[in-house]
Asker: 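Questions regarding the structure given below will be posed in turn.
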There are 2 protein chains.
Amino acid sequence: MRRDVFQAIADPTRREIINLLAAKSLNLNAIADNFKMSRPAISQHVKILIECGLIKIKKNGRERFCEVKFQKLKEVSKWVEQYSSFWNNKLDALEIYLSDIKTKVEPKK
Amino acid sequence: MRRDVFQAIADPTRREIINLLAAKSLNLNAIADNFKMSRPAISQHVKILIECGLIKIKKNGRERFCEVKFQKLKEVSKWVEQYSSFWNNKLDALEIYLSDIKTKVEPKK
DNA sequence: GATTTGCGTAAGTGTTTACTTACCTATATA
DNA sequence: TATATAGGTAAGTAAACACTTACGCAAATC
């Protein structure tokens, strides 16, 4: 069972959980309130996020508050940003511009 | 069947394919040469990358050259970078420092 | 024209995923 | 002490995933 950050953020529900927790640390029920799916389903998503290190738990009585460990996202950032020069360089812009022209000139393709 | 960029890059083989293609546009067999798995397996991975817009094909005779459309990675970059302030601010650094100290002080946990 | 090469795709398979309901335990509250 | 609340976890299930082998077809080469 692979359990890495890339896998973890592949699921839209888990990305949304991270979004919620970015604003504010929440306990499990508070997270679940934001979704239509069952509480155990959310519990399982949170478990995956914990296992890959994206979330840490702070226990307070019977409540368990989740907070995001954003440093873990660096892994993804590093991988993606190594290509950033490709998508914002001049050549790339030229390419888009040309294929755009082409579309206008021969639209039947 | 979800077919978005996050899903596409969740698989390590597909990330590796993108890595290879970043250096040089390759045809399918050339890509497959870099992996132990079968050619059809690679063909299927490439298909997924095409379907989510990360790869475009340039046909040349019977060969099909793959090239990465890096702009598609912007989607990932945008999502991740919205949190970059969290992982490189002072408070965060302090937190890491403190938990580091804690580990050294009570190592039996 | 026959054969090789490049590559897509179908069918089959074992594994993983994303849920569900049911149940359990620990903490808090009346 | 009884009960409500927070939340973990097991079992079941349908769908998706990551492969494989087998096959087919079109372009290139002999």
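Every chain is numbered from 1 and lettered A, B, ... according to where its sequence line falls, protein lines coming before strand lines.
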Asker: I need the NZ-P distance between Lys59(B) and dG8(C), as an integer number of Å.
Answerer: 9 Å
Asker: Indicate yes or no: does Glu75(A) engage Lys78(A) in a salt bridge with an N to O separation below 4.0 Å.
Answerer: no
Asker: Can you tell me if Ser38(A) touches the phosphate of dC19(C), counting only side-chain N or O atoms and a distance under 4.0 Å to OP1 or OP2?
Answerer: no
Asker: Check whether any side-chain N or O of Ser43(B) sits under 4.0 Å from OP1 or OP2 of dC7(C), and answer yes or no.
Answerer: no
Asker: Pick out which of Val5(B), Leu73(B), Val80(B) makes a side-chain contact (heavy atoms from CB on, under 4.5 Å) with Val80(A).
Answerer: Leu73(B)
Asker: Give the ring-plane orientation class for Tyr83(B) versus Phe86(B), where under 30° counts as parallel, over 60° as perpendicular and anything between as tilted.
Answerer: tilted
Asker: What integer distance in Å separates Phe35(A):CZ from dT20(C):C1'?
Answerer: 17 Å
Asker: Starting from the 5' end of DNA chain C, give me the residue, Pro40(A) or Asn60(A), whose nearest nucleotide shows up first.
Answerer: Pro40(A)
Asker: Check whether any side-chain N or O of His45(B) sits under 4.0 Å from OP1 or OP2 of dC17(D), and answer yes or no.
Answerer: no
Asker: What is the distance from CD of Gln7(B) to P of dT16(C), rounded to the nearest Å?
Answerer: 16 Å
Asker: Hey, does the side chain of Arg64(B) come within less than 4.0 Å of dG6(C)'s phosphate (OP1/OP2), counting only N and O?
Answerer: no
Asker: Find the distance Asn27(A):CG to dA28(C):P and express it as a whole number of Å.
Answerer: 13 Å
Asker: Round to the nearest Å and state the distance from Glu16(B) atom CD to dC19(D) atom P.
Answerer: 13 Å
Asker: Would you say the base of dA27(D) and the side-chain of Arg62(B) have a donor-acceptor pair closer than 3.5 Å?
Answerer: yes
Asker: Any donor-acceptor pair, under 3.5 Å, between the side chain of Arg39(A) and the base of dG8(D), if you only look at N and O atoms?
Answerer: yes
Asker: Taking the nucleotide of DNA chain C with the closest heavy atom to each, which residue, Ile42(A) or Lys47(B), is nearer the 5' end?
Answerer: Lys47(B)
Asker: Specify the separation, in whole Å, of atom CG of Asp33(B) and atom P of dG6(C).
Answerer: 9 Å
Asker: Between Leu26(A) (CG) and dG7(D) (C1'), how many Å, whole number?
Answerer: 15 Å
Asker: Does dT5(C) have OP1 or OP2 under 4.0 Å away from a side-chain N or O of Asn29(B)?
Answerer: no
Asker: Look at Arg14(A) and dT17(C) and indicate whether a side-chain polar atom (N or O) is within less than 4.0 Å of OP1 or OP2.
Answerer: no
Asker: What's the CD-P distance between Glu63(B) and dT4(C), to the nearest Å?
Answerer: 19 Å
Asker: Under the criterion side-chain contact (heavy atoms from CB on, under 4.5 Å), I'd like the reasoning laid out for Cys66(A) against Ile31(A): C-alpha separation, chi angles, the key distance, then a yes or no.
Answerer: CA-CA 9 Å; Cys66(A) 302; Ile31(A) 298 173; 3.8 Å; yes
Asker: Can we say Arg3(A) and Glu51(A) salt-bridge, meaning some charged N sits less than 4.0 Å from an Asp/Glu carboxylate O?
Answerer: yes
Asker: If you check the Met37(B) side chain, which of dG7(D), dT20(D), dA10(D) turns out closest?
Answerer: dT20(D)
